Amino acid sequence: MREIGHFIGGNHVAGTSGRTADVFNPATGEVQAKVSLASVSELRSAVENAKAAQPQWAATNPQRRARVFFKFVELLNKHMDELAELLSREHGKTVEDSKGDIVRGLEVCEFVCGIPHLQKGEFTEGAGPAIDMYSMRQPVGVGAGITPFNFPAMIPMWMFAPAIACGNAFILKPSERDPSVPLRLAELMIEAGLPAGILNVVNGDKAAVDAILTDPDIGAVTFVGSTPIARYVYGTAAMNGKRAQCFGGAKNHMIIMPDADMDQAVNALMGAGYGSAGERCMAISVAVPVGEETANLLVEKLAPKIESLRIGPYTDDKADMGPVVTKEAHARINGLIDRGVEEGAKLVVDGRGFKLQGYEDGYFVGGTLFDHVTPEMDIYKTEIFGPVLSVVRAKNYEDALALPMKHEYGNGVAIYTRDGDAARDFASRVNIGMIGINVPIPVPLAYHSFGGWKASSFGDLNQHGTDSIKFWTKTKTITARWPSGIKDGAEFVMPTMK
Ligand code: NAD
């Protein structure tokens with residue numbers, strides 16, 4: 001059985017802890033590899049490599065640091081097919097969807113090619129008599145990132161690209177469900193010219209995460225995953241004096257106004273609800289049609305499309321979606337569908353018991369649609385993270401707006417309408433981080449920032465965009481006076497610019 005180790009100091013190293021986790025092929029249920037779960041000392045060895053390499057990397061001029069990313073982007077494009085296949089085999093999503101995962105990460109690498117400009121400081125000439133004031137953005141030192149299973153290429157790149165471009169060294173702790181792509185990315189970064197020790201990949205579980213959170217040499221931690229773990233990582237990192245940004249779960253609503261283009265809205269819901277089997281933090285899991293007529297039409301149009309979804313293994317290039325990631329996820333999602341039925345929601349399309357010929361042991365869940373879901377139900381409150389869409393009927397716009405506003409999560413939301421006033425009012429009032437107006441999955445592009453509100457995010461700076469440069473650098477402000485501006489004698493009063 002293939003054993004997946006770590007990548008430390010520019011080399012693959014085998015795990016020594018004696019602990020491993022199974023890596024499955026979600027389409028067949030077979031164990032295809034074992035991944036090593038790092039001990040505290042293995043994590044520490046990565047930190048020591050990172051710490052030793054970082055000062056020289058930080059002293060490398062920003063154009064040279066940028067050139068590594070120019071080359072890395074070239075290598076990602078060259079190896080796109082190989083990376084997508086590797087990703088799909090462990091995650092289960094379709095190969096085309098895996099390419100989307102890689103490209104959304106690649107775009108952040110393109111963004112950080114502008115690091116010479118992005119990391120520039122500020123300068124004020126003549127802030128006082130012969131006084132100049134300036135600030136610089138210096139790297140934090142050694143940073144760490146902990147990633148979820150659902151975007152094993154994109155999220156690692158969202159993390160390590162800005163961190164490394166700013167002159168930091170980085171320790172990546174990927175999800176133990178699909179660890180192969182992150183390791184391959186680290187190899188390609190070395191091929192692109194990154195010095196050894198600047199990007200290390202340490203596989204593991206809670207033990208590795210806790211070692212990161214308490215390591216005295218790690219200055220900043222970035223996390224993406226479920227809300228309970230995000231909250232834990234944020235609190236523990238902060239208590240240990242680290243800066244932290246932690247992104248959690250979601251329950252994204254899409255409001256469909258009576259004047260919306262219904263066919264566009266239905267197509268948007270199909271892609272956003274069932275693409276990647278609903279395992280996206282920006283998936284739409286709640287549709288909110290406004291008015292009975294809109295609701296009836298929406299459900300009538302959605303149901304046959306959901307019934308005819310093409311579900312298959314990643315090797316089926318015509319599949320709309322693949323299996324979910326693990327046996328546990330499969331059981332949890334089916335359990336939540338049972339729960340919805342018990343709670344009295346109307347099950348319009350039932351994905352339980354879906355079996356694919358030749359893949360009977362795969363973790364497939366069929367597309368599922370609930371109607372007449374209410375805010376008190378568990379299936380409304382819980383992030384299902386599977387191909388399950390709930391329709392919550394709203395009487396009017398105000399009732400529809402109140403739903404995402406009162407929900408615990410605040411990652412993304414969308415409104416489908418032709419009414420500019422309604423769209424503008426919605427964008428202004430809703431307490432959610434990312435808004436789509438006739439756009440179902442409003443994931444901002446690399447040069448804007450990604451982040452939710454409420455229980456979807458802990459910390460004050462978002463991922464990618466200029467926020468990421470702020471997160472990965474510390475500001476140092478210098479006040480300089482030249483001898484010609486110095487008056488004789490000591491001054492005991494607080495200096496002001498009176
Ligand atoms: P998860 O929280 O189970 O795992 C995320 C990471 O935390 C993994 O690396 C895992 O090894 C580690 N981890 C798990 N349990 C831990 C524990 N007890 N202590 C310390 N570390 C632990 O999440 P997942 O199932 O891999 O990913 C799905 C979740 O991620 C969903 O909730 C989804 O919404 C969320 N997500 C959020 C965003 C965002 O940007 N907001 C993006 C993608 C995914």
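If you're wondering where the values come from, they're calculated on a predicted model, not measured in any experiment. Counting convention: from 1, in listed order, for ligands and their atoms alike. Every heavy atom of this structure was used, including side-chain atoms; hydrogens, water molecules and symmetry mates were not.
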Selected option - heavy-atom contact closest to [atom], from [options]:
atom                    : options                        : value
atom 38 (C) of ligand 1 : Thr236, Thr147, Val224, Asn252 : Val224
atom 41 (N) of ligand 1 : Gly412, Gly452, Gly248         : Gly248
atom 17 (C) of ligand 1 : Ile155, Ile229, Val209, Asn462 : Ile229
atom 30 (O) of ligand 1 : Gly225, Gly145, Pro174         : Gly225

Would you check the N or O atoms of [X], main chain and side chain alike, for any that come under 3.5 Å of an N or O of ligand 1?
X      : value
Thr227 : no
Glu176 : yes
Phe149 : yes

Worksheet item: How about Trp57 and Phe170: are their ring centres within less than 6.0 Å of each other?
Response: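 Distance test on ring centres: not under 6.0 Å, no.
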
Worksheet item: Do the ring planes of His407 and Tyr380 sit parallel (below 30°), tilted (30 to 60°) or perpendicular (above 60°)?
Response: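 Perpendicular: the ring planes of His407 and Tyr380 meet at over 60°.
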
Worksheet item: Under 30°, 30 to 60°, or over 60°: which ring-plane class applies to Trp158 and Phe450, parallel, tilted or perpendicular?
Response: tilted

List every atom of ligand 1 that sits less than 4.0 Å from any heavy atom of [X], numbering the atoms from 1 in the order shown and giving each element.
X      : result
Lys173 : 8 (C), 9 (O), 10 (C), 11 (O)
Ile146 : 6 (C), 7 (O), 9 (O)
Gln463 : 40 (O)
Asn411 : 41 (N)
Ser226 : 1 (P), 2 (O), 23 (O), 29 (C), 30 (O), 32 (O)
Phe247 : 39 (C), 40 (O), 41 (N)

Using a strict threshold of under 4.0 Å (side-chain N to carboxylate O), is an ion pair present between [Y] and [X]?
X      : Y      : result
Asp320 : Arg310 : no
Lys51  : Glu48  : no
Arg280 : Asp97  : yes
Glu176 : Lys173 : yes
Lys381 : Glu376 : no
Glu328 : Arg332 : no
Lys242 : Asp215 : no

Give the residue, atom name and distance (to 0.1 Å) of the protein heavy atom nearest [atom].
atom                    : answer
atom 40 (O) of ligand 1 : Phe450 CE2, 3.1 Å
atom 31 (C) of ligand 1 : Glu383 OE1, 3.5 Å
atom 7 (O) of ligand 1  : Phe223 CE1, 3.4 Å
atom 44 (C) of ligand 1 : Asn150 OD1, 3.3 Å
atom 19 (N) of ligand 1 : Lys206 CG, 3.4 Å
atom 28 (C) of ligand 1 : Phe385 CE2, 3.6 Å
atom 36 (N) of ligand 1 : Cys281 CB, 3.6 Å

Worksheet entry | Derivation of the salt bridge (charged side-chain N to carboxylate O under 4.0 Å, His left out) call for Glu279 and Lys93 | CA-CA 9 Å; Glu279 292 175 320; Lys93 64 175 91 171; over 6 Å; no

Worksheet entry | atom 4 (O) of ligand 1 within contact range, any protein heavy atom under 4.0 Å | no

Worksheet item: Judged by non-hydrogen atoms, does Val325 sit under 4.0 Å from ligand 1?
Response: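 Contact absent.
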
Worksheet item: Does Arg280 come within less than 4.0 angstrom of ligand 1, counting non-hydrogen atoms of the residue?
Response: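 The answer is no, since Arg280 has no heavy atom less than 4.0 Å from ligand 1.
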
Worksheet entry | Side-chain heavy-atom pair Arg352, Thr368 within 4.5 angstrom cut-off |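 The answer is no, as the side chains (C-beta and beyond) never meet within the 4.5 Å cut-off.
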
Discussion item. Go through it in stages, so that I can follow the logic: the residues are Asp178 and Arg89, the test is salt bridge (charged side-chain N to carboxylate O under 4.0 Å, His left out), and I'd like the CA-CA distance, side-chain angles, deciding distance and then a yes or no.
Written reply: CA-CA 9 Å; Asp178 40 19; Arg89 207 189 309 152; over 6 Å; no

Item to complete: Determine whether the side chain, the backbone, both or neither of Arg177 has a heavy atom under 4.0 Å from any heavy atom of ligand 1.
Response: neither

